[in-house]
Structures are given as structure tokens and as C-alpha cells.
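This report refers to the structure that appears directly beneath it.
Every value quoted in this text rests on a predicted model; they were computed, and no experiment measured them.
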Amino acid sequence: MFTPVRSRVRRAALVLSAVVALAFGATATTGAAAFPAPAKQRPTSVAYVEVNNNSMLNVGKYTLANGGGNVFDVAVIFAANINYDTSTKAAQLYFNENVQRVLDNAATEIRPLQQKGIKVVLSVLGNHQGAGFANFPSQSAASAFAKQLSDTVGKYGLDGIDFDDEYAEYGNNGTGQPNDSSFVHLVTALRANMPDKIISLYNIGPAASRLSYGGVDVSSKFDYAWNPYYGTWQVPGIALPKSKLSPAAVEIGGTSQSTAADLARRTVGEGYGVFLTYNLDGADRSADVSAFTKELYGSAAVYTP
């Protein structure tokens, strides 16, 4: 049996998108090095890290035995939250103490990855308070939250934002139910604010099925979209080219090596350009990682503590 949605560690705050597939644009990220690791062929590999328990630096510890390139191209900080301020009746971007620590220590937690050529993206997740990407009551409200996101990317020198529409619990605190315009307004504003940064979609929740409104389809504004169900193959239902999609999803240490290899083989065989992984921890996972890198890149993975 696979676990349909990632198992998440509860946050202290719960009470209260050089490789073709990498559409990053030409603008260098703050702190990017002049000497990144050797480029490798597609697919692009993505690693989510639960920073409540694990270090972002783990993403940079894996290279390919053949050529020395990075195994992972995109590292996702998991996760910031979209909270609801009951006094202002507005969505608020929130960082728990562990996410805030990573951001405050960008020089040691984020820049070392970027210096290796790895992009670092911030995932944003619902937080049980009724605020979500799909229920902004107006275009101005969506634009205001988009500014919070883009300001954060700029302040901390990040490479983009990842949307994960889970745990919003729409309706809590008197908030509205999902509407058709909200996510379209949000993504449109965010892309206008950061034209050269990554916007990715964890393809789940009400927002993921509301990508078109008033003649505007925001599908093309995303750099990537991926399957949210670990250990499975599911093509995201978004109008993006194969080079930007990951139908495969793997939980490192939770998905068997044989399944990971099968999903990687299918990714290459069917011409998809992204391979999603989740929950990279601090242990030596070179055997689990090699299971998919051998199929994706024809090379085992090397772990360097």
C-alpha cells in the first residue's frame, strides 16, 4: 500500500517550480556560485525536505558517480504556511520556528546549495485556519498575498515558490469556500512579481483544479507540476509540456527501491522531464537514491557526509 499524501510532522503553528526542463530564466540568484556542479541530462530531480526534522544541506550531499553532477536540481523547503489573521480577515504568510531558522540562516542553509547550482524553493501549505490559495475573496486580496510571497523570495534570495493546497480547511474562521477566480488571480500576480523565478504546483487540492477563470488559464505560468501520491504514477492534469511534469513521485526510504526504479524507468521511457522525491533525511540514502539515478542518468549516486 502507498500512503496517498505525505506523512507530515505537526508544526508548532498548527494551534494558532541549465537543464532544459529548468525554466528558471537568466537572472542569477543571490549568492549563486560561478562554479556549479557539472550539468547533467534531464530529467530534473526535485527533493522536498521536512525542515522540522532535517537539514536542507542534505540535498547537496548527493552526486552522480559518473561525472560528479548533482543528483538533485531543485530543493524544496517544506513548509511555510498560509495562515488567517482573524483581526484583519486576511491571509498571512507564516513561518514556523524551523522554517524561520532556515531563512534567517540563508548564508549557511541555502547559499551552499545554490553555489552548487541547486535551486531552492519555498513550499507554502495550508494550516487548518480556513485560509487557502482557492478562497481569496477578491483580486486585490490574492495580489496582496502574492506580494508577501514574492517579497519573501526577494528578501531571502530564494529561487521560487511551490504551492501545496492541503490542510487549509476552507470555511474555518468564517472563511469562504473555494472559488474559481482565487488561484488564477494569485498565480497571475505572483508571476508578474517574479517573472524569472520558479512557480511549481504540488498537484492536489481545490486550487489545482481551478486554473482557468474569465478566459485566463494560468497553466503556462507554472514551471513544474508533480504527482502528489508517493509510490505511484499519475500525470498532473495541467496543460504543461512533458518536460515540466513529474508523473512519478517517490518517498525516499518509504517507496521501495524496485518501485522507485520502475517509476524512473517509465519517466525516461515516456519522455517526462521531472522526477519528484520527498522526505530526504540525514541518513545515507545512496542505495535508495541510486535506485532511481541509475535509470534516470545511468549512474549510481554517491553520498558525501
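- The side-chain hydrogen bond (donor to acceptor under 3.5 Å, both in side chains) test with Y170 is passed by exactly one of N179, D165, N135: D165.
- Hydrophobic clustering (side-chain heavy atoms under 4.5 Å, transitive across Ile, Leu, Val, Met, Phe, Trp, Tyr) groups V187 together with Y213.
- The side-chain heavy atoms of N127 and I82, taken from C-beta on, include no pair separated by under 4.5 Å.
- In this structure a side-chain-to-backbone donor-acceptor pair under 3.5 Å is present from T108 to N105.
- Contact of the V250 side chain with the F275 side chain is registered, since non-hydrogen atoms from C-beta on lie closer than 4.5 Å.
- When side chains are defined from C-beta on, L122 counts as touching T152, because their heavy atoms get closer than 4.5 Å.
- In this structure, T277 contributes its side chain and I252 its backbone to no donor-acceptor pair below 3.5 Å.
- For the side-chain contact (heavy atoms from CB on, under 4.5 Å) criterion with Y297, the lone passing option out of L64, V268, N66 is L64.
- Checked against a 6.0 Å centroid threshold, the rings of W233 and Y272 count as neighbours.
- In terms of the salt bridge (charged side-chain N to carboxylate O under 4.0 Å, His left out) criterion, residue partners of E270 (sequence neighbours excluded) are, by chain and number, R266.
- Proximity of a side-chain donor or acceptor of S123 to a complementary backbone N or O of V76 within less than 3.5 Å is not detected.
- When hydrophobic clusters are built by joining Ile, Leu, Val, Met, Phe, Trp and Tyr residues whose side-chain heavy atoms come closer than 4.5 Å, directly or via intermediates, Y224 is grouped together with L125.
- Under a 3.5 Å cut-off, the side chain of Q129 and the backbone N or O of E169 do not form any donor-acceptor pair.
- A distance-only check finds no donor-acceptor pair linking the side chain of N203 to the backbone of P236 [under 3.5 Å].
- Below 30°, between 30° and 60°, or above 60°: for Y202 and Y230 the angle between ring planes is between 30° and 60°, a tilted geometry.
- For the pair N58 (side chain) and S55 (backbone), a donor-acceptor distance under 3.5 Å is present.
- The line from CZ of R265 to CG of L296 is 10.5 Å long, rounded to the nearest 0.5 Å.
- Put simply, the side chain of L280 reaches to within 4.5 Å of the side chain of V59, judged on heavy atoms.
- Classification of the F145-F133 ring pair by plane angle, with boundaries at 30° and 60°, yields tilted.
- Remark: side-chain polar atoms of K197 are paired, donor with acceptor, to backbone N or O of L158 under 3.5 angstrom.
- Side-chain N/O atoms of N54 and E50 include no donor and acceptor closer than 3.5 Å.
- Classification of the F222-F183 ring pair by plane angle, with boundaries at 30° and 60°, yields tilted.
- Looking only at distances, no side-chain donor or acceptor of T259 sits under 3.5 Å from a matching main-chain atom of T255.
- By the salt bridge (charged side-chain N to carboxylate O under 4.0 Å, His left out) test, R285 pairs with D281, D288, sequence neighbours left out.
- Transitive grouping of hydrophobic side chains (ILVMFWY, heavy atoms separated by less than 4.5 Å) keeps L57 and Y62 in distinct clusters.
- With hydrophobic clusters built from ILVMFWY side chains whose heavy atoms lie under 4.5 angstrom apart, V289 shares a cluster with Y303.
- Here the CD-CG distance, from Q257 to D262, works out to 12.0 Å after rounding to the nearest 0.5 Å.
- With sequence neighbours left out, K89 forms a salt bridge (charged side-chain N to carboxylate O under 4.0 Å, His left out) with no residue at all.
- P228 places a side-chain heavy atom less than 4.5 Å from the side chain of Q234.
- Note that CG of D151 and CG of N193 are 7.5 Å apart. Values are rounded to the nearest 0.5 Å.
- To the nearest 0.5 angstrom, N96 atom CG is 5.0 Å from N98 atom CG.
- At a cut-off of 3.5 Å, with distance as the only test, no side-chain donor of S246 or N227 sits close to an acceptor on the other residue.
- Hydrophobic clustering (side-chain heavy atoms under 4.5 Å, transitive across Ile, Leu, Val, Met, Phe, Trp, Tyr) groups L103 together with L93.
- Within 6.0 Å of NZ in K294 there are 12 or fewer heavy atoms belonging to other residues, nucleotides or ligands.
- Using modelled atom types and a 3.5 Å distance limit, the side chains of N173 and T175 yield no donor-acceptor pair.
- W226 and Y278 form no side-chain donor-acceptor contact under 3.5 Å, judged by distance and modelled atom types alone.
- One finds a salt bridge joining D223 and R191 here, because a Lys/Arg side-chain nitrogen approaches an Asp/Glu carboxylate oxygen to under 4.0 Å.
- Between the N83 side chain and the Q92 main chain, no donor and acceptor come within less than 3.5 Å of each other.
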